[in-house]
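Proteins come first, then strands; the chains are lettered A, B, ... in the order of their sequence lines, and each starts at number 1.
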Protein chains: 2
Amino acid sequence: MEVRDRAPERGRVPSIRDVARLAGVSHQTVSRVLNDHPSIRPETKDRVLDAIAVLDYRPNRAARALVTSRSDVIGVLSATVGEFGPTSSMAAIEEAARVEGYSVTTLNLPDTGPDAIGAAVRQLVREQVSGIVVLAPQVRVFHVLRGLAIDVPFVSLQTASGATADTLSADQVAGARLATQHLIDLGHRDIVHLAGPQDWIEAESRMRGYLDALFDADLPTIPPIRGDWTADFGHFAGLELARRGDMTAVFAANDLMAIGLMHGFRDAGVDVPGDVSVVGFDDIPVAAHVWPTLTTIHQDFPELGRRAIALLLAEIRGEQRPVFGPLAPRMLTRDSSAAPGRR
Amino acid sequence: MEVRDRAPERGRVPSIRDVARLAGVSHQTVSRVLNDHPSIRPETKDRVLDAIAVLDYRPNRAARALVTSRSDVIGVLSATVGEFGPTSSMAAIEEAARVEGYSVTTLNLPDTGPDAIGAAVRQLVREQVSGIVVLAPQVRVFHVLRGLAIDVPFVSLQTASGATADTLSADQVAGARLATQHLIDLGHRDIVHLAGPQDWIEAESRMRGYLDALFDADLPTIPPIRGDWTADFGHFAGLELARRGDMTAVFAANDLMAIGLMHGFRDAGVDVPGDVSVVGFDDIPVAAHVWPTLTTIHQDFPELGRRAIALLLAEIRGEQRPVFGPLAPRMLTRDSSAAPGRR
DNA sequence: TTGTATGCGTTATCAA
DNA sequence: TTGATAACGCATACAA
């Protein structure tokens with residue numbers, strides 16, 4: 001037996017065979033230890049684990065991926081460039097996945113046409129991701145995904161109309177209801193909704209909560225304005241609504257639009273909250289500091305991300321799905337942008 | 001020859017051998033085509049390319065990674081949770097990398113201690129990433145990286161004190177100079193700097209630009225305030241500076257702090273820009289919509305991301321480094337937060 | 001309970 | 001210019 005055979009070259013990363021040699025077993029036994037195979041003698045296992053520790057051995061992911069056709073990579077399909085919420089969830093997703101030994105690869109959707117979605121998913125499947133988190137809250141992304149019938153587990157971070165087991169989100173409807181009810185409680189009767197894009201599921205949910213609250217309070221509904229989530233659009237909407245003047249309060253579907261809206265009102269000489277009250281949604285970091293300070297709905301985006309990973313990993317491993325309590329949005333009454341309505 | 005041998009199973013992804021069979025060559029020849037090997041007959045190459053197209057063949061990345069010890073994955077090391085700039089660069093990085101056939105994996109640094117940095121880099125190296133983009137603008141991250149002497153190419157998206165070839169950034173010093181000069185041009189003499197954290201390279205650069213401008217104009221320097229980039233801290237600083245009252249203008253190192261600062265001034269009864277002018281840095285989406293609208297410095301973060309990938313890929317492929325023109329920050333004079341100083 | 005042999009899809013080495 | 005053959009590091013039948 002040659003010495004060269006026993007001593008791994010310096011600097012080379014140890015392989016399963018190095019571990020086997022050191023532990024005095026076959027590389028196959030090491031593999032069993034690594035994969036928690038049931039039938040293995042405890043003391044053998046300990047010897048192997050010791051060797052693993054000594055060599056600081058870590059399985060080669062490429063080799064494992066090659067043979068299993070699975071990669072221990074979670075793919076994140078994102079269509080939310082710079083949105084505050086999804087971005088906040090992302091960090092949590094990444095961290096939670098790493099803790100469980102998965103790495104995360106991101107793929108941004110340039111547009112949300114069916115072709116682009118299909119191509120993106122195929123790309124991730126080709127990279128043999130173990131699972132996919134969808135951070136693309138557009139309705140059609142959701143439908144396309146369902147239609148693709150991919151064999152990779154996926155979790156969608158959004159509210160589906162009929163929320164199913166593989167979707168997750170804070171209760172957007174309840175949050176929007178809170179916001180609207182707050183305005184109603186302040187005595188407002190003519191409340192306009194500055195909504196998100198038609199294609200977005202969360203936009204629909206927030207609109208629903210708004211409509212529900214109005215309905216329950218027996219208040220008239222005014223046609224909502226369709227925005228695009230941006231502050232620029234909010235500004236435009238403010239100018240427009242100031243011209244119409246048919247409301248005393250606006251519930252904006254997100255803070256960015258709410259801030260732009262207040263800017264538009266300001267430009268048009270409409271006082272907030274003197275003439276019109278405004279409530280936002282999301283609680284972005286500047287919400288507490290703009291003028292007027294923004295009353296809004298706070299959501300726990302990181303927790304949402306963590307839950308997404310928990311759900312996805314259960315799916316991947318074939319374990320039982322965790323059951324989560326409701327993730328209730330919270331009302332932040334800063335009450336500078338919203339004031340009692342004039343009777 | 002059996003038919004079973006020629007017809008790949010339905011649904012199975014085609015391998016290099018399927019292509020070889022269809023093209024009537026050996027799998028090795030296909031490999032040569034894939035890797036642009038010089039010595040190959042053009043017509044053979046065409047046959048192979050045809051077969052590739054017909055089968056819609058794509059190389060298996062795991063197999064390739066296994067044999068080459070390289071993964072076609074770019075690792076992004078990030079220590080900038082939710083910062084506007086880095087987040088904007090991220091999307092561009094991801095897109096640019098994918099266009100070139102690389103996928104992107106992100107790794108967030110929970111803290112920036114040397115141990116955490118080392119562990120993170122080792123993790124990425126273990127995953128056999130082809131290169132690393134560092135989005136962690138803290139000074140010590142930079143030093144630790146240098147010290148690690150990793151054999152994986154990396155690019156750092158930040159301004160180093162002595163900018164070297166492997167760092168990239170907009171000219172922060174010039175931007176800060178612009179901002180400060182703007183205030184000087186408005187007639188201000190007592191200008192305070194609300195700086196970023198001491199550990200951050202960009203904070204240092206912006207401070208330098210500020211100091212340079214003051215020096216050139218022969219103006220007195222006032223000790224800067226060290227902030228943490230957050231709007232909350234800006235608010236605190238506003239209250240504090242209002243008490244001091246020893247300045248007529250503040251240059252905040254980022255927009256978030258600038259907005260919080262204006263909030264603090266407002267709470268303290270200090271009028272912006274009547275009593276004190278404020279200029280920010282970054283041009284975040286709400287900057288144009290807060291009140292007062294924020295005069296600030298605009299940076300092209302996506303372009304920064306694209307350049308990072310171009311530089312990194314050149315390094316990885318051993319090609320010549322691309323030479324970029326200066327990426328000059330731009331002054332956005334919204335001039336509501338900043339007004340002429342009283343003499 | 002453990003070991004042997006085989007193959008995953010690709011690149012690299014060598015020979016033709 | 002091409003092809004046969006051997007790795008890469010691991011998991012998975014199958015045998016012992």
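Considering only heavy atoms from C-beta on, Glu127(B) stays 4.5 Å or farther from Val73(B) through its side chain. Residues Leu107(B) and Arg98(A) have side chains in contact (heavy-atom distance under 4.5 Å, counting atoms from C-beta outward).
Of the inter-residue distances, the one linking Leu66(B) atom CG with Arg64(A) atom CZ reads 13.0 Å to the nearest 0.5 angstrom.
For the OP1/OP2 pair of dT11(C) and a distance below 4.0 Å, the side-chain nitrogens and oxygens of Ser31(B) include at least one atom meeting the criterion. Phosphate proximity of dG3(C) to Ser26(A): present, with a side-chain N or O under 4.0 Å from OP1 or OP2. Neither OP1 nor OP2 of dC8(D) sits under 4.0 Å from any side-chain N or O of Asn60(A). Side-chain N/O atoms of Arg41(A) include one lying less than 4.0 angstrom from OP1 or OP2 on dT2(C).
Between Ile52(A) atom CD1 and dG9(D) atom C1' there is a gap of 14 Å when expressed in whole angstrom units. As a whole-Å value, the separation of Arg70(B) CZ from dC8(D) P is 17 Å. In this structure, CG of Leu34(A) is placed 11 Å from C1' of dG9(D), rounded to the nearest angstrom. Here the P atom of nucleotide dC10(D) and the CZ atom of Arg21(A) are 12 Å apart, to the nearest Å. When rounded to the nearest whole Å, the span between CD of Glu43(A) and C1' of dT1(C) equals 11 Å. When rounded to the nearest whole Å, the span between CZ of Arg64(A) and C1' of dT10(C) equals 20 Å. Distance CG (Asn35(B)) to P (dG9(C)): 17 Å, rounded to an integer number of Å. For Arg61(B) and dC8(C), the CZ to C1' distance is 18 Å, given to the nearest whole Å.
Arg32(B) contributes a side-chain N or O that forms a donor-acceptor pair with the base of dG3(D) under 3.5 Å. Contact of His37(B) with dT2(D) (side chain to base): no donor-acceptor pair of N or O atoms is detected under 3.5 Å.
The residue Thr29(B) sits close only to the backbone: its heavy atoms come under 4.0 Å of sugar-phosphate atoms, none of a base. Residue Ile40(A) is classed as a sugar-phosphate contact, given heavy-atom separations below 4.0 Å to backbone atoms only.
Closest-nucleotide positions on DNA chain D for Thr44(B) and Ala63(B) were compared, and the one nearer the 5' end corresponds to Thr44(B). Heavy-atom nearest nucleotides on DNA chain C were determined for His27(A) and for Lys45(A), and the one closer to the 5' end corresponds to Lys45(A).
Counting heavy atoms of neighbouring residues, nucleotides and ligands inside a 6.0 Å radius, atom CD of Gln320(A) does not exceed 12 of them.
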Report the C-alpha separation of Ile40(B) and Val48(B) in whole Å, then their side-chain angles, then the decisive distance to 0.1 Å, and conclude whether the side-chain contact (heavy atoms from CB on, under 4.5 Å) test is met. CA-CA 11 Å; Ile40(B) 191 160; Val48(B) 171; 5.7 Å; no

